Amino acid sequence: MGHLSSLRLYNTRTRTVEQFAPLRGDEVRIYVCGLTPSAQAHLGHARSFLFFDVLRRYLEFRGYRVTYVQNVTDIDDRSIATARERGTTFDVVMAENYASFKASMRRLGVREPDEEPYATAYIPQIQAMIRMLIGKQYAYVVEDGVYYSVRAFPRYGELSRRNIEELEAGARIEVGEYKHDPLDFALWKFAKEGEPSWPFEPYRAGRPGWHIECSAMSRELLDPQGVGFDMHGGGADLIFPHHENEVAQSEPLMRRPPMANTWIHGGLLLFDSRKMSKSLGNFEPLSQLLDRHDPQAIRLLFLQTGYRKVMNFTEESIGAAGSVLDRLKKTYRLLRASKSGGDKGLLQRVDEALADDMNTAVALSHLLQEETPSLDEFERVLTLLGIEPHASWLEETAVTLPADFVERLKSALGPSTPALRAFAQDDKSVSPEALLERIIALRNEARTNKDWAKSDQLRDALASCGVALHDTSGGTTWSVVA
RNA sequence: GGCGACGUAGCCAAGUGGUAAGGCAGAGCUCUGCAAAAGCUCCAUCCGGCAGUUCGAAUCUGCCCGUCGCCUCCA
């Protein structure tokens, strides 16, 4: 389809909203910094990856061929420490947390990356890059490892807009560190006794620093020629030092910088106006949070806010998103049921909104405002935003009674209730649903007799069992409520 | 301390010079024995404060107040 507007995206590198154009034909190569699974993922991670999922869907919608790489930092200091505490090895810790993260991403409808490189699988490439940096005098070897010499790269600080002198003033070399300058960072850490390590000739066995893996893997997978790839993304907290360091590592070895044409950063997610962290006591694992909230509602919640903005997460806001999701489901059911064609134009309005630096909030408002969109466009927009309608959307209400429905009903009504006495005699042969239908019949009988007290008593009893009644002109229906 | 972001109705939030999107919650009406559900309607003379620029500012400038982030591992 034709697009009215070109795609405009905010580029952290230039601090402006720019027209987006791929470097090579219709191909868009994206590298997003993935998880370091030395601890459990939280909702803040989800916000970031959910955004890049929508960006990727939208780029494909516009006809680009997208290659999406999201790395896994599967070796770091924290995992070694955690493994030591738990009497296991770092790779076990990493594997556990990463499996949980992947399961959460599936629940959220985040598509799999095209490439998912693990740092430990790219040790040769990482070492090759370090050797080149040493050879070009950008790195040096000391007692405890190989360090990058920040002073060797004049453009250091450009991406994050940091002043190197000011950084220098606040930094210092810790006891036991051998680097020449406080700003220098480790490319390779020589292994201490008992630490996991990979051989590195002619130097010493050890493990890679955090920043170098992204430089090595993005080059290997997206830009072997060293002429740059299209987009590099991550959370705003990665701009400094992580992305700044990546630039410093990669660009001196490139034929034609910059490393990434467009740098895209997602705003952080706060909880109770604080960054989520264990020390502040507001940490909740993503997997646990997804047990409490509908993953699609969480996606909607994030779509309501500009991706670059700091966002504060509250239980109230997720409740509101749940209501929005219910509305979308209802609209979807109505559209599926109706034979008429519906109005065209929704897709184009959503396209326009997303072209404007991924304004998902406005896109979502179009989705909610449109009275009778065509089913086809409605479905395409939902898919574009990653809120794919599944089979359960078509069910008017939840039809599964709580497991303890019969028990709860017995205690709510009391054993002397006629309906239950009849039920008690053939306890096994009557389903809970049949019992419910019988209660409803009794209530309607009472209503016919204008016995409102009895009618309301039965309705209240069902309500206490999690079943709500709806009296319609066509009869009484029921639904399960939370 | 340095750098940066943000401050729009009870809550979330769009909107970067032309006179306040959308959602949640709430209110009223219709329907109903009542309630729920559903449908309809209403809900910021105003955008943290004070100055200034302008014919005109939530949108630009300055100062102030407040919140948060980065500067150490972090999506």
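The basis for the numbers below is simple: all heavy atoms, side chains too, and nothing from hydrogens, waters or symmetry mates. Please read all numbers here as calculations on a predicted model, not as lab measurements. Here is the naming used below: chain letters follow the sequence lines, and residue numbers restart at 1 for every chain.
B/C64 and B/C3: their P atoms are spaced 13 Å apart (whole Å). Between the P atoms of B/U59 and B/A20, the separation comes to 14 Å (whole Å). Straight-line distance between the P atoms of B/C40 and B/C24: roughly 13 Å, to the nearest whole Å. For the C1' atom pair drawn from B/G69 and B/C73, the interatomic distance equals 15 Å after rounding to whole Å. Nucleotides B/G23 and B/G66 have their P atoms positioned 35 Å apart, rounded to a whole Å. B/A51 and B/G56 have their P atoms separated by 16 Å, given to the nearest Å. Using atom C1' as the reference point in both B/U53 and B/C42, the two lie 39 Å apart (nearest Å). B/A21 and B/C12 have their C1' atoms separated by 14 Å, with the value rounded to a whole Å.
One distance of note links CG of A/Asp74 with CD of A/Glu213; it measures 7.5 Å at 0.5 Å rounding.
The base-pairing partner of B/G33, taking Watson-Crick or G-U wobble contacts with both distances under 3.5 Å, does not exist among the strands shown. With both pairing distances under 3.5 Å, B/G18 is matched to B/C55 as a Watson-Crick or G-U wobble pair. With a 3.5 Å ceiling on both atom-pair distances, the Watson-Crick or G-U wobble partner of B/C6 is B/G66. Base pairing of B/G1 is made with B/C71, judged by Watson-Crick or G-U wobble geometry with both donor-acceptor distances under 3.5 Å. Pair assignment for B/A27 gives B/U41, based on Watson-Crick or G-U wobble hydrogen-bonding distances that are each under 3.5 Å.
Ring geometry for A/His211 against A/His242 counts as tilted: the plane angle lies between 30° and 60°, on a 0 to 90° scale.
When each of A/Ser317 and A/Asn359 is assigned the nucleotide of RNA chain B bearing its nearest heavy atom, the one mapping closer to the 5' terminus is A/Ser317. Each of A/His242 and A/Gln304 was assigned the nucleotide of RNA chain B with the nearest heavy atom; the assignment lying further toward the 5' end belongs to A/Gln304.
For the pair A/Trp452 and B/G33, the ring geometry qualifies as stacking, because the centroid separation is below 5.5 Å while the planes lie within an angle under 30°.
Qualifying side chain to side chain contact (heavy atoms under 4.5 Å, CB included) partners for A/Thr262, counting only residues two or more places apart in sequence or in other chains: A/Asn11, A/Phe20, A/Met231, A/Ile264. Listed by chain and residue number, A/Arg443, A/Arg447, A/Arg459, A/Thr476 satisfy the side chain to side chain contact (heavy atoms under 4.5 Å, CB included) test with A/Asp471 (two or more places apart in sequence, or in another chain). Every side chain to side chain donor-acceptor pair (under 3.5 Å) that A/Ser5 has, sequence neighbours left out, goes to A/Glu352. A/Arg162 meets the side chain to side chain donor-acceptor pair (under 3.5 Å) test with no other residue; sequence neighbours excluded. In this view, A/His366 satisfies the side chain to side chain donor-acceptor pair (under 3.5 Å) rule with no residue, not counting sequence neighbours. Scored by the salt bridge (Lys or Arg N to Asp or Glu O under 4.0 Å) test, A/Arg111 finds A/Glu60 as partners (sequence neighbours excluded). Qualifying side chain to side chain donor-acceptor pair (under 3.5 Å) partners for A/Arg292, counting only residues two or more places apart in sequence or in other chains: A/Glu284, A/Glu315.
Side-chain atoms of A/Glu388 do not come within 3.5 Å of backbone N or O of A/Thr383 as any donor-acceptor pair. Under a 3.5 Å cut-off, the side chain of A/Ser79 and the backbone N or O of A/Ile75 do not form any donor-acceptor pair.
Looking at heavy-atom distances under 4.0 Å, A/Gly306 makes contact with sugar-phosphate atoms alone, never a base. Among the heavy atoms of the strands lying under 4.0 Å from A/Gly44 is at least one base atom, whether or not backbone atoms are also near. A/His42 comes within contact range of at least one nucleobase, with a heavy-atom separation under 4.0 Å. Residue contacts for A/Leu300: at a heavy-atom cut-off of 4.0 Å it reaches no nucleic acid atom on any strand shown. Base contact: A/Lys275 has a heavy atom under 4.0 Å from a base atom. At a threshold of 4.0 angstrom between heavy atoms, the contacts of A/Gly319 with the nucleic acid are absent. Among the atoms of the strands shown, none is found under 4.0 Å from any heavy atom of A/Thr477.
A donor N or O paired with an acceptor N or O is found under 3.5 Å between the base of B/G33 and the side-chain atoms of A/Ser455. Not a single donor-acceptor contact under 3.5 angstrom links the side-chain atoms of A/Arg308 to the base of B/C6.
Here B/C11 is the nucleotide among B/C34, B/G69, B/C11 with the atom lying nearest to any side-chain atom of A/Glu316. Out of B/G33, B/A75, B/C24, the shortest distance to the side chain of A/Asp456 is found at B/G33. Listed nucleotides: B/A13, B/C24, B/C34. Nearest to the side chain of A/Ala320: B/C24. Taking only side-chain atoms of A/Pro241, from C-beta outward, the nucleotide of B/C71, B/A75, B/C11 with the closest atom is B/C71.
Centroid-to-centroid, the aromatic rings of A/His265 and A/His243 come within less than 6.0 Å.
Counting to the nearest Å, the C1' atom of B/C6 and the NE2 atom of A/His265 are 19 Å from each other. Rounded to an integer number of Å, the gap from A/Phe302 CZ to B/A75 P is 15 Å. Between the CD atom of A/Glu445 and the P atom of B/G33 there is a distance of 18 Å, given to the nearest Å. To the nearest angstrom, C1' of B/C73 lies 13 Å from CZ of A/Phe240.
Residue A/Asn163 has no polar side-chain atom (N or O) positioned under 4.0 Å from OP1 or OP2 of B/C71. Between A/Lys309 and B/C68, a side-chain N or O to OP1/OP2 separation shorter than 4.0 Å is absent. Considering only side-chain N and O atoms, A/Thr36 lies under 4.0 angstrom from the phosphate OP1 or OP2 of B/A75.
Near RNA chain B, defined here as any heavy-atom distance below 4.0 Å, the residues from residues 361-369 of chain A are A/Ala361, A/Val362, A/Ser365, A/Leu368, A/Gln369, listed numerically.
Listed by first then second residue, pairs satisfying side chain to side chain donor-acceptor pair (under 3.5 Å) with a partner in residues 176-185 of chain A read A/Tyr140-A/Asp184, not counting sequence neighbours. Sorted by first and then second residue, the pairs that involve residues 36-57 of chain A and meet ring-ring contact (aromatic ring centres under 6.0 Å, His included), not counting sequence neighbours, are A/His42-A/His45, A/His42-A/Phe283, A/Phe49-A/Phe101, A/Phe51-A/Tyr307.
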Set out, line by line, the N/O atom pairs under 3.5 Å between protein and nucleotides 37-43 of chain B.
| residue | atom | partner | partner atom | Å |
| --- | --- | --- | --- | --- |
| B/A38 | OP1 | A/Lys330 | NZ | 3.0 |

Collect all protein-nucleotide pairs involving nucleotides 1-4 of chain B in which both atoms are nitrogen or oxygen and the distance is under 3.5 Å.
| residue | atom | partner | partner atom | Å |
| --- | --- | --- | --- | --- |
| B/G2 | O2' | A/Glu166 | OE1 | 2.8 |

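For the residue pair A/Thr36/A/Asp76, the side-chain donor-acceptor check at 3.5 Å is not satisfied.
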